[in-house]
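Report on the structure given below.
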Amino acid sequence: MINCLLIKITNNSRGLPVRNYRTLNATELMIGRSAECNIHLADPRIAMHHAVIKELEDGHLYVVSINGEIEVDGAMLQNIKLIPGKQIMIGPYQLNVEPAPPDVNLSVSLTLVNPLSDDYQDLKARTHEPLPNAFKFKWRLSMWLIAFISLVFLVLPLAQNLIPQLQSSMSELPFGFDRVWSSGRMSTAHRHFGSQCFNCHQAPLKKVSDKACVNCHQDTAPHIADPELQKRSLKAAHRFIGSMRCAECHQEHKAPHPLARQDNNMCIKCHGAIRTIDPETKLPNIRDFEKKHPDFELSFKTGPGPKDIERIPQSNQSKLIEKSGLKFPHDQHIGKVQGPNGIWDVRELACTSCHQAEGKEMRFKALSYKNNCSTCHTSELQIGAKDNKLTLPHGEEQNMFNALKLYAPKEFDRYSDQLKNNGCAYCHEVQPAKTGDKLPWSVMPLRLNNDWLAKAQFNHAAHRTQQCTSCHKVEASKSSADVAIPNRQSCLLCHSGNTPKHKRIASSCMSCHTFHNAHQGYDLITGAKVETKDVDILSTLPTVTEKK
Amino acid sequence: MQQSNMFDYKNYRYFKIAVVIILIAFAAFLFFEPAVGHYGGSWLGYTLGTISALMVLWMTWYGIRKRRYRGTGATQGWLSAHIYLGTALTVFVTLHSGFHFGLNIHTLAYALLLIVVISGFFGNYTYMIYPRKMTENMGEDSLDGLLLRIAEADKLARKIALLMPDEINNTVLRACRETSIGLSLIDQLSGFQPNCPSAKAVQELTVLGQNLAVDQRKVYRELYSIMVRRESLVKRARQDLMYRARLGIWLYLHVPFTVGLLVAMLAHIVAVFVYW
């Protein structure tokens, strides 16, 4: 039987402790939230039956935990011996074992040391204002953005431009601080040094000068072969553009767009009204391949030299006669033809049997008797009676006449006439001897044309989806004098002018022409170099003096 | 009749202006194409760029203008122009770029502008949608009023739970002490507390209530209805906080990135003219 003095300590309205005495008599003292407990603690943090005070086997009084937790000095225990002076925590309550007065065997005091906080204030503390510290966040983010952007994108690149020491110490690095200023992709050719801006942009606030280009392009020839034309056309261009730096036409940072300008405007500015540039020119005005472009002029060879060329417009049909020196009927050499071994030897000939493409642009291999004709025709010419045949080699006339003189001196004149009228003349044009010639007659020199459209560039490879005969009408050609180069109208079947048309490809000037044959100019003026003194010379040209 | 708002200010005056200038810009873009394609350095590019830069400065001025209670024109008109011309500005800048993008200051400035404009669009959207929803959610209550009612329900629920078994008591106590309303930014924006103790308490109570003694049933029913009411109050409070957070969150980006844009624009212009 426990006779217990229970002292409940509460605070009065002025916050002073008030002791409330009660004596309890029971075999066990139940502590809990439940109303039937001897020590009733109405707090939600206390279990219904939290703990019990009872005498254990050793005869001492203990507090034993049931459903709740009890602790001494922060240690959670199952049962705690009640000795005077001990402080035990039961949930939010503190239980002190006090010295027992003589008539009781236990005296404990109970104090609520952790009262439940006020619900509203508590909930308010767990409810935050919307977007706390918004101003601070915005301020900080702004400052960070300003610091980052101005450092990386403004201060460092500018520093690199303004401090020469920094520039030189960074020149070996793969790229400088000013890389972030790049306005677009570099062209492939320039990319390997292009990430260091100062390689081209040599002075701040100035446009890229020609000196920067000539650092590498030392052997660049004047772009136009004819010096007169060069002077005239660059002066004219200077007038239109305002300056004549390389970069006006070769614009960088536009990859994958080609480095050189490809537009018609540059061409049309002069060629659209060509007489304002050169009053004496014979060139017509050109604006558009479809609407304003002259007919093609074909180049005919007139002599053995590379410059013996006559250009005849295709509209002048009567003069379009090729004098190649050969008799070659195309119509007999296309489709099914009879081979040399009799009527059973039928061969199928196509254009490509003789005209064999070569190279990326599909230019054609030069034709030769040995490679092309002799696959069907005999490589040697036989003359004379069946039993006494004389074999003549294909080649120089002199060799042939020598052979005749050596092997058939008596028959020389007869054989010579025979060859003149049928043998050699079967394929070749024959010309009579002129005064002073040693030979009685000779074959015409061959003038096989291989560039009909000398002022333009035709790329067969770009047209390989087409049949040869859709442009070159040779199936009915009976004479090698016929010219089978398509004219402008046949180009216009698939191509249009500057603007695309229904099922026709837009074709600009640069589709067929290059800038004043710039690259051919380089070939012609061998060893021509731009001298340093000539760089930027065009911007110092005197103002254009035109004869009016 | 409803008063005019920032969208239909003066019979859509700024909307019409924006449409017209966008059409002019597009027409110019289509008709004047440089030979090498569109880019910022053509004369059209410079024109569009200059107009865009001036417009950015003017848009930024709105931030200062709206804090002044004097000045030309109604602030509502300024806001209307800010919204519509800001949208037009995006088109201008895109045409100015000629659709060339790369890893450089120029595209950075463009990206910052897009962030500013898109966050502005979101702000616009919130101001169109949320004020009405807030009124629907709160009625005549205020957030403090809701909190007081939740606290009251807490007190009552706890008092009733004292008589209940330990599990129920613990559940109610946890719900009362651990429920928070918009503690973190993410909670505020989502309007939702993961594993909300209030919602959990209601769920658990349905299960725990099944094995009660008959005399506790009546009290239990009272407790349950209090907890359910309490949960709906908590939800409404969270919703209110969510709307208010969303009404303000877009400015977290709109304002600092505008400041960043101004610096990036300066760097962009300096870069172009230093490497002329």
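Chain identifiers are assigned alphabetically (A, B, ...) following the order of the sequence lines, protein sequences preceding nucleic acid strands; residue numbering begins at 1 within each chain. What you are looking at is a predicted structure, and each value in this text was computed from that prediction instead of being measured. In what follows, every heavy atom counts, from backbone to side chain, and hydrogens, waters and symmetry copies are set aside.
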### Task
Could you tell me whether the side chain of B/R229 and the main chain of B/A153 form a donor-acceptor pair under 3.5 Å?
no
### Query
Can you check whether A/I268's main-chain N or O pairs, donor with acceptor, with A/R287's side chain at less than 3.5 Å?
no
### Query
Of all of B/A237, B/G182, B/G102, which one pairs up most often with chain A through heavy atoms under 4.5 Å apart?
B/G182
### Task
With a 4.5 Å cut-off on heavy-atom pairs, point out which of B/V259, B/L162, B/V272, B/L163 contacts chain A the most.
B/L162
### Summary
Most contact-rich option vs chain A, by heavy-atom pairs under 4.5 angstrom, among B/G40, B/G41, B/A151, B/P256, is B/P256
#### Entry: Part of B/A161 within contact of chain A (heavy atom distance under 4.5 Å)
backbone
### Message
Within the 4.5 Å heavy-atom criterion, are B/V56 and B/L262 side-chain neighbours or not?
### Response
yes
#### Entry: Side chain, backbone, both or neither of B/L173 within contact of chain A (heavy atoms, under 4.5 Å)
side chain
### Message
I'd like to know which of B/L261, B/L266, B/V263, B/D166 tops the heavy-atom pair count under 4.5 Å against chain A.
### Response
B/D166
### Query
Should the ring pair A/F135 and A/W139 be called parallel, tilted or perpendicular, given that the plane angle runs from 0 to 90° and is split at 30 and 60?
parallel
### Message
In the structure I gave you, are the side-chain heavy atoms of A/I66 and A/M30 within less than 4.5 Å of one another anywhere?
### Response
yes
### Of all pairs that satisfy ring-ring contact (aromatic ring centres under 6.0 Å, His included), the ones with a partner from residues 140-163 of chain A, not counting sequence neighbours
none
### Task
Below 4.5 Å from any heavy atom of chain B, which atoms of A/L158 appear? Answer side chain, backbone, both or neither.
side chain
### Query
Which bit of A/R140 comes within less than 4.5 Å of chain B, counting heavy atoms only: side chain, backbone, both or neither?
neither
### Task
Against chain A, work out which of B/L103, B/T258, B/D144, B/L253 has the most heavy-atom pairs shorter than 4.5 Å and name it.
B/D144
#### Entry: Region of A/L123 in contact with chain B, defined by heavy-atom distances below 4.5 Å
side chain
## Note on the structure
Max heavy-atom pairs within cutoff under 4.5 Å with chain A, candidates B/L112, B/I150, B/T179, goes to B/T179
### Query
For A/P44, is it the side chain, the backbone, both, or neither that has a heavy atom closer than 4.5 Å to a heavy atom of chain B?
both
### Query
Heavy atoms under 4.5 Å from chain A: which residues of residues 183-198 of chain B carry them?
B/L183, B/L185, B/Q188
### Query
Under 6.0 Å from the NZ atom of A/K269, do we count more than 12 heavy atoms belonging to anything else shown?
yes
### Flag, side chain of A/R33 to backbone of A/I46, donor-acceptor distance under 3.5 Å
yes
### Task
Answer whether the closest heavy-atom distance between the side chains of A/N264 and A/F289 falls below 4.5 Å.
no
### Student check: side-chain heavy atoms of B/I181 and B/L146 closer than 4.5 Å
no
### Query
Which one of A/Q262, A/K206, A/H253 has the most heavy-atom pairs closer than 4.5 Å to chain B?
A/K206
### Message
Distance alone, cut at 3.5 Å: any donor-acceptor contact between the side chains of A/S171 and A/Q196?
### Response
no
### Query
chain A contacts: which residues in residues 240-252 of chain B have a non-hydrogen atom closer than 4.5 Å to it?
B/L241, B/R244, B/A245, B/G248, B/I249, B/L251, B/Y252
### Task
With a 4.5 Å cut-off on heavy-atom pairs, point out which of A/G184, A/A134, A/G68 contacts chain B the most.
A/A134
### Message
Between A/H201 and A/K207 (side chain of the first, backbone of the second, donor and acceptor by atom type, cut-off under 3.5 Å), is there such a pair?
### Response
no
### Task
Go through the atoms of B/E178 and report whether side chain, backbone, both or neither lie under 4.5 Å from a heavy atom of chain A.
backbone
#### Entry: Interchain contact, B/R238 with chain A, by part (heavy-atom threshold 4.5 Å)
neither
### Query
Highest number of heavy-atom pairs under 4.5 Å with chain B: which of A/L145, A/D263, A/T127, A/L154?
A/T127
### Message
With heavy-atom distances below 4.5 Å as the criterion, would you say the side chains of A/W181 and A/N161 are in contact?
### Response
yes
### Listed once per pair and sorted, the side chain to side chain donor-acceptor pair (under 3.5 Å) pairs that draw on residues 99-108 of chain B, sequence neighbours left out
B/N104-B/T107, B/H106-B/H268
### Message
I'd like to know if B/D154 and B/R177 make a salt bridge, using a cut-off of under 4.0 Å between side-chain N and carboxylate O.
### Response
no
### Query
Are the side chain of B/R230 and the backbone of B/A157 linked by a donor-acceptor contact shorter than 3.5 Å?
no
### Query
If you measure only the distance, is there a donor-acceptor pair under 3.5 Å linking the side chains of B/T94 and B/Y110?
yes
### Query
Nearest 0.5 Å, what's the CG-CE distance between B/L223 and B/M164?
5.5 Å
#### Entry: Segment of A/P132 engaging chain B (4.5 angstrom heavy-atom cut-off)
both
### Query
For B/H96, does its backbone N or O pair with a side-chain atom of B/H38 as donor and acceptor, under 3.5 Å?
no
### Task
Tell me, for A/Y120 versus chain B, whether the close heavy atoms (under 4.5 Å) come from the side chain, the backbone, both or neither.
both
